[in-house]
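All chains are named by letter (A, B, ...) in the order of the sequence lines, taking the proteins before the strands, and each is independently numbered beginning at 1.
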Amino acid sequence: MTLSLTAVGLGIIVLGAGLGIGKLAFGAMEAMARQPEISSKIQTAMIIAAALIEGLALFAIVVALLKG
Amino acid sequence: MTLSLTAVGLGIIVLGAGLGIGKLAFGAMEAMARQPEISSKIQTAMIIAAALIEGLALFAIVVALLKG
Amino acid sequence: MTLSLTAVGLGIIVLGAGLGIGKLAFGAMEAMARQPEISSKIQTAMIIAAALIEGLALFAIVVALLKG
């Protein structure tokens with residue numbers, strides 16, 4: 001019997017990253033609506049924060065690929 | 001006996017990506033309604049953030065396909 | 001004994017996609033109600049975001065079909 005939980009782990013990785021990036025981008029959109037003049041600065045900050053979550057999740061997916 | 005949890009993992013991947021993109025797009029729509037003048041900038045930011053989640057989820061689905 | 005969780009995974013896929021598209025379309029409707037002049041731009045943004053979730057869910061369903 002082989003039972004692989006790799007896909008379930010991948011699911012939880014994307015669940016966390018998706019909820020996190022979704023929440024911070026939601027805040028970024030609302031901030032742009034309130035202060036349209038600095039929307040480019042808000043976008044830069046949004047990308048920095050999202051990239052931090054993205055990097056973690058990508059590394060975790062690669063480790064899941066290697067170790068199963 | 002074989003018990004595959006691949007489909008469950010795929011489900012959790014799409015759950016995370018769907019909720020995340022849904023939340024940020026919801027914020028983008030509300031931001032467009034409040035600041036219609038910058039709706040194209042908001043749409044750009046929405047697509048950037050959604051693409052980050054999309055890329056992670058696609059990569060995770062491919063790894064789930066490879067590793068089962 | 002065979003116990004297939006494929007249908008459960010498919011259910012979670014549609015749960016995530018349905019909630020995500022539902023939430024963003026809800027926001028689009030409210031935005032259209034507040035700014036009827038830009039309703040065509042809001043509809044474009046809504047279709048882009050919904051198509052991202054839709055594509056992921058379709059791909060995940062195909063992988064679930066292949067891997068069981």
Side-chain angles (χ1 to χ4, degrees), chain B, chain C:
Chain B
M1 174 184 162
T2 57
L3 172 59
S4 171
L5 288 172
T6 306
V8 175
L10 290 169
I12 304 174
I13 290 171
V14 176
L15 183 66
L19 291 179
I21 296 176
K23 185 165 188 86
L24 74 88
F26 174 80
M29 302 304 171
E30 292 217 309
M32 281 182 188
R34 278 163 70 182
Q35 298 288 351
E37 318 83 57
I38 60 158
S39 64
S40 61
K41 284 184 117 172
I42 292 169
Q43 185 174 318
T44 305
M46 180 190 82
I47 292 173
I48 292 171
L52 289 171
I53 299 177
E54 185 91 2
L56 270 187
L58 274 180
F59 184 39
I61 292 173
V62 170
V63 173
L65 177 64
L66 294 175
K67 299 289 288 187
Chain C
M1 174 188 159
T2 57
L3 171 60
S4 171
L5 288 172
T6 306
V8 175
L10 290 169
I12 304 174
I13 290 171
V14 177
L15 181 66
L19 290 178
I21 295 177
K23 185 165 187 85
L24 74 89
F26 174 79
M29 302 308 168
E30 291 217 311
M32 281 182 189
R34 279 164 69 184
Q35 299 287 352
E37 319 84 57
I38 60 157
S39 63
S40 61
K41 285 184 117 172
I42 292 169
Q43 185 174 317
T44 305
M46 182 189 80
I47 292 173
I48 292 170
L52 289 171
I53 300 177
E54 187 89 4
L56 271 187
L58 274 179
F59 184 40
I61 292 172
V62 169
V63 173
L65 177 65
L66 294 175
K67 300 289 288 187

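Contact check for Lys41(B) versus Gln35(B): no side-chain heavy atoms found under the 4.5 Å cut-off.
Rounded to the nearest 0.5 Å, atoms CD1 (Ile48(B)) and CG (Leu52(B)) are 8.0 Å apart. Leu24(B) contributes atom CG, which lies 9.5 Å from atom CE of Met29(B) (distance to the nearest 0.5 angstrom). Within the model, atoms NZ of Lys67(C) and OG1 of Thr6(C) stand 11.5 Å from one another, a figure rounded to the nearest 0.5 Å. The distance from the CD1 atom of Ile12(C) to the CG atom of Leu5(C) is 9.0 Å, given to the nearest 0.5 Å. Distance CG/Leu65(B) to CZ/Phe59(C): 6.5 Å, rounded to 0.5 Å.
In this structure, chain C has heavy atoms under 4.5 Å from both the backbone and the side chain of Glu54(B). Interface remark: Leu56(C) contributes backbone and side-chain atoms alike to the contact with chain B (heavy atom separation under 4.5 Å). If you measure heavy-atom distances from Ile42(C) to chain B, the contacts under 4.5 Å come from both the backbone and the side chain. For a residue to count as touching a neighbouring chain, one of its non-hydrogen atoms must lie under 4.5 Å from one of that chain's; by this rule Met46(C) touches chain B with backbone and side chain alike.
Between chain C and the options Ile21(B), Ile13(B), Leu19(B), Ile47(B), heavy-atom pairs under 4.5 Å are most frequent for Ile21(B). When each of Val8(B), Val14(B), Leu58(B) is checked for heavy-atom pairs under 4.5 Å with chain C, Val14(B) comes out on top. Of all the listed residues (Ala64(C), Ala45(C), Ala60(C), Ala31(C)), the one sharing the greatest number of non-hydrogen pairs under 4.5 Å with chain B is Ala45(C).
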